[in-house]
Amino acid sequence: MAREMIIVLDFGGQYNQLIARRVRENHVYCEVWPYTKSLEEIKAAQPKGIIFTGGPNSVYDPASPHYDKAILDLGIPILGICYGSQLLAWMLGGEVATAPVSEYGHTDVSIDNSAVLFQGVSSETVCWMSHTDYIKTAPEGFRVTATTVNCPVAAMENPDRKLYATQFHPEVVHTKEGMKMLHNFVINICGCAGDWEMSSFVDTKIRELREKIGDGKVLCALSGGVDSSVAAVMLSKAVGKQLTCVFVDHGLLRKNEAKEVCDVFGPDGPYDLNFVMVDAHERFYKKLAGVTEPEKKRHIIGEEFIRVFEEEAKKIGAVDYLAQGTIYPDVIESGLGKSATIKSHHNVGGLPDVVDFKEIVEPLRMLFKDEVRNAGRELGIPEYLVSRQPFPGPGLGIRIIGEVTEEKVRIVQDADYIYREEIAKAGYDKNLAQYFAALTNMRSVGVMGDFRTYDYAIVLRAVNTSDFMTAEANQMPWDLLSKITNRIVNEVKGVNRVLYDCTGKPPATIEYE
């Protein structure tokens, strides 16, 4: 039986990945596709439903992303969100115009809850708006199902053609009953069974890997983080001793992390892996000397990773595949669809153009972070590994603003170690999705004892999030922050100031570069 799927057609919206995540929360598989995908490709995928995302453009601008109108005649339910709703209206002869009053943020919405999309939704609810244009007049055959004071068509539907639209964003948590709306679309309108489970994904993926790789040899880039660890164990179950895991200590790891990784995955650890550890920190420091631009640092680290792996592959002999722990946010945020590029990722956009492998294998490429953790649990990986703090592939290279030096690495390692130690001692780690210390390139005057100092500022980051696509800064207790600050400035040479980052995502990213 073919897997049910919803396609999110991306028109450049900032929440496209969040839409996919919300659909998956209904146990229905979902992928984000760029609007450049052809109608034939969509038909071949046989989706149960399609969602048009938002976007920053105006539908009446000829340069804006549009789509073949024939998609509306496939008989597949379509939900348009924000720009997607305007695109539906415009394609079918409705009127889209610049709104007399733009709506941003929490907005009171009057709902017609006799509509299928709004079953079980309150007649008056709060939704998240973010638009300058609006649907002034709904197309012929559509019924208006929601309004606001400033938006005459906050939602509309044509059930006969299976077409639905909301000007607001049901996928964000600020829309109080958004999950009900998406559930109604995915389950009630699209008719999905909602039976997609992580256990079936793991079993299917192991089988696919075994068939794909055959008797080939695989080199896995193992960092010891959650993503690469899950990928490594999944591959070991698929191909066993055909897999060699290479752990590269690029000198940009957290304090003591190299030893911890070797203890877990090395010959004395619980996993039956071919494990190789490469100490390449001097090589990476040399490549990064004098480099300050974030994207350039990412690309240097990504390319150097590949070169180290190629060298190790030649030692092993006849390696066919390079495996990586790339996950879905890496793909989306690297701009491989049509969304704006937030950052290149060393697993995705940071790869060099030419690599000396038959193919790159990324078994977790379509999973979000929490789904990766669940896959790890299905694979029997211990909880202490599955729930580890996320750590980026470029490591501390993107937690050091500006040039990376061995001295700066030492500073941020020591500060981060103290931060994590005090968080754990306080039992506060259970309240956080991710937390770490980063080193700014700001130096300022301070005083220690009778001496004037001119040293660096450390910034502490702690966020709460379920999916790492959006996040809020944690409101950490002041007494805990004070204790951490005192330890850092007293124990870490080269630091005389500690800052706390109160910014959410968006507008910031969780990492710094």
Side-chain angles (χ1 to χ4, degrees), residues 6-9 11 13 15 19 22-23 26 28 30 42 47-55 59 66-67 69-97 99 103 107-131 133-172 175-192:
I6 301 291
I7 290 175
V8 174
L9 206 57
F11 290 95
Y15 300 128
I19 299 171
R22 298 297 180 236
V23 171
N26 286 285
V28 176
C30 182
I42 289 177
K48 296 281 286 186
I50 300 168
I51 299 177
F52 289 0
T53 74
V59 295
H66 294 144
Y67 203 80
K69 187 178 177 180
I71 194 173
L72 307 181
D73 299 319
L74 296 179
I76 300 171
I78 295 176
L79 170 63
I81 296 175
C82 197
Y83 175 87
S85 71
Q86 297 164 16
L87 184 61
L88 271 178
W90 182 80
M91 292 167 79
L92 293 167
E95 185 179 359
V96 177
E103 291 178 308
T107 306
D108 294 327
V109 181
S110 298
I111 296 287
D112 179 353
N113 48 24
S114 68
V116 182
L117 189 65
F118 299 134
Q119 284 184 3
V121 176
S122 306
S123 58
E124 298 292 329
T125 190
V126 175
C127 298
W128 184 262
M129 289 282 197
S130 181
H131 68 100
D133 291 347
Y134 75 151
I135 301 170
K136 187 174 183 179
T137 307
E140 185 177 348
F142 276 77
R143 178 167 72 102
V144 175
T145 55
T147 60
T148 73
V149 171
N150 297 306
C151 188
V153 188
M156 63 180 189
E157 68 173 18
N158 184 333
D160 292 339
R161 298 191 66 178
K162 302 180 182 178
L163 302 177
Y164 303 82
T166 64
Q167 180 60 69
F168 52 83
H169 290 270
E171 71 276 16
V172 301
T175 296
K176 290 179 65 173
E177 298 175 88
M179 279 302 294
K180 288 182 185 176
M181 301 172 193
L182 288 173
H183 176 86
N184 287 336
F185 178 72
V186 171
I187 304 298
N188 299 338
I189 293 172
C190 297
C192 293

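Just so it is clear, the structure is predicted and the values come from calculations on it, not from any experiment.
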Tell me the closest heavy-atom pair linking [X] and [Y], and the distance in Å.
X      : Y      : result
Ala89  : Met156 : CB-CE, 3.8 Å
Ala115 : Thr145 : CB-CG2, 3.8 Å
Thr107 : Glu103 : CG2-OE2, 3.6 Å
Ile6   : Cys192 : CD1-SG, 4.0 Å
Thr175 : His169 : OG1-O, 2.6 Å
Ala138 : Val144 : CB-CG2, 4.3 Å

Output, in order, the C-alpha distance, side-chain angles, deciding distance and verdict of side chain to side chain contact (heavy atoms under 4.5 Å, CB included) for Glu140 and Leu92.
CA-CA 8 Å; Glu140 185 177 348; Leu92 293 167; over 6 Å; no
Applying side-chain contact (heavy atoms from CB on, under 4.5 Å) between Phe52 and each of Ile78, Ile81, Leu79, report the one that passes.
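Only one option passes, and that is Ile78.
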Worked verdict on Val28 versus Lys48 for side chain to side chain contact (heavy atoms under 4.5 Å, CB included):
CA-CA 10 Å; Val28 176; Lys48 296 281 286 186; over 6 Å; no
Are side-chain heavy atoms of [X] and [Y] found at a separation under 4.5 Å?
X      : Y      : result
Arg22  : Val172 : no
Met181 : Cys127 : yes
Ile111 : Ser122 : no
Leu9   : Ile71  : yes

Quick check: does any side chain N or O of His66 sit under 3.5 Å from a backbone N or O of Val59, one acting as donor and the other as acceptor?
yes
What's the separation between atom [atom1] in [X] and atom [atom2] in [Y], rounded to the nearest 0.5 Å?
X      : Y      : atom1 : atom2 : answer
Leu72  : Met91  : CG    : CE    : 4.0 Å
Leu88  : Lys69  : CG    : NZ    : 11.5 Å
Cys82  : Glu171 : SG    : CD    : 8.5 Å
Ile76  : Leu163 : CD1   : CG    : 11.0 Å
Glu157 : Phe118 : CD    : CZ    : 8.0 Å
Phe11  : Thr53  : CZ    : OG1   : 6.5 Å

Where do Tyr67 and Ile42 land on the side chain to side chain contact (heavy atoms under 4.5 Å, CB included) test, with the steps shown first?
CA-CA 12 Å; Tyr67 203 80; Ile42 289 177; 3.2 Å; yes
Assess, by modelled atom type and distance only, whether the side chains of Thr125 and Glu177 contain a donor and an acceptor separated by less than 3.5 Å.
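Yes, because at least one side-chain N or O of Thr125 sits under 3.5 Å from a partner of the opposite role on Glu177.
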Testing the 3.5 Å rule here: is there a donor-acceptor pair between the side chains of Asn150 and Thr148?
no
I'd like to know whether Gln119 forms a side chain to side chain contact (heavy atoms under 4.5 Å, CB included) with Lys180, so could you lay out the CA-CA distance, the side-chain angles of the two residues, the decisive distance to 0.1 Å, and finally the verdict.
CA-CA 8 Å; Gln119 284 184 3; Lys180 288 182 185 176; over 6 Å; no
